Amino acid sequence: MSKQQSLSVSDLSKTVDELVRRFGAWATLRAAVLGAMKHQQTRNHATHLSDRLRRDAGLPVREPMPGQPLVPPWFPRF
């Protein structure tokens, strides 16, 4: 391990120690976990889009499942 790498590791441990001393262990751990989860949620999902928006974006349109009504259940009936 080079001298520069060992300085980086010791600086990181000092920084973590300072964060734990200043904010507490649970708050530091919570912030680290939430930060890691935030980076995982950056993918775009198209599962919630309507067929019209999917068509406009050039995505394949979902086929209705057999036995499923074509009208959404919340749509007012006449």
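Model, not experiment: these values are computed from the prediction.
Here the CG atom belonging to Leu29 is positioned 12.0 Å from the CG atom belonging to Leu19, to the nearest 0.5 angstrom.
Leu12 and Val20 fall within the same hydrophobic cluster, where Ile, Leu, Val, Met, Phe, Trp and Tyr residues are linked whenever their side-chain heavy atoms come under 4.5 Å apart, directly or through other members.
Other residues sharing the hydrophobic cluster of Leu53, ordered by chain and number and joined by side-chain separations under 4.5 Å: Leu49.
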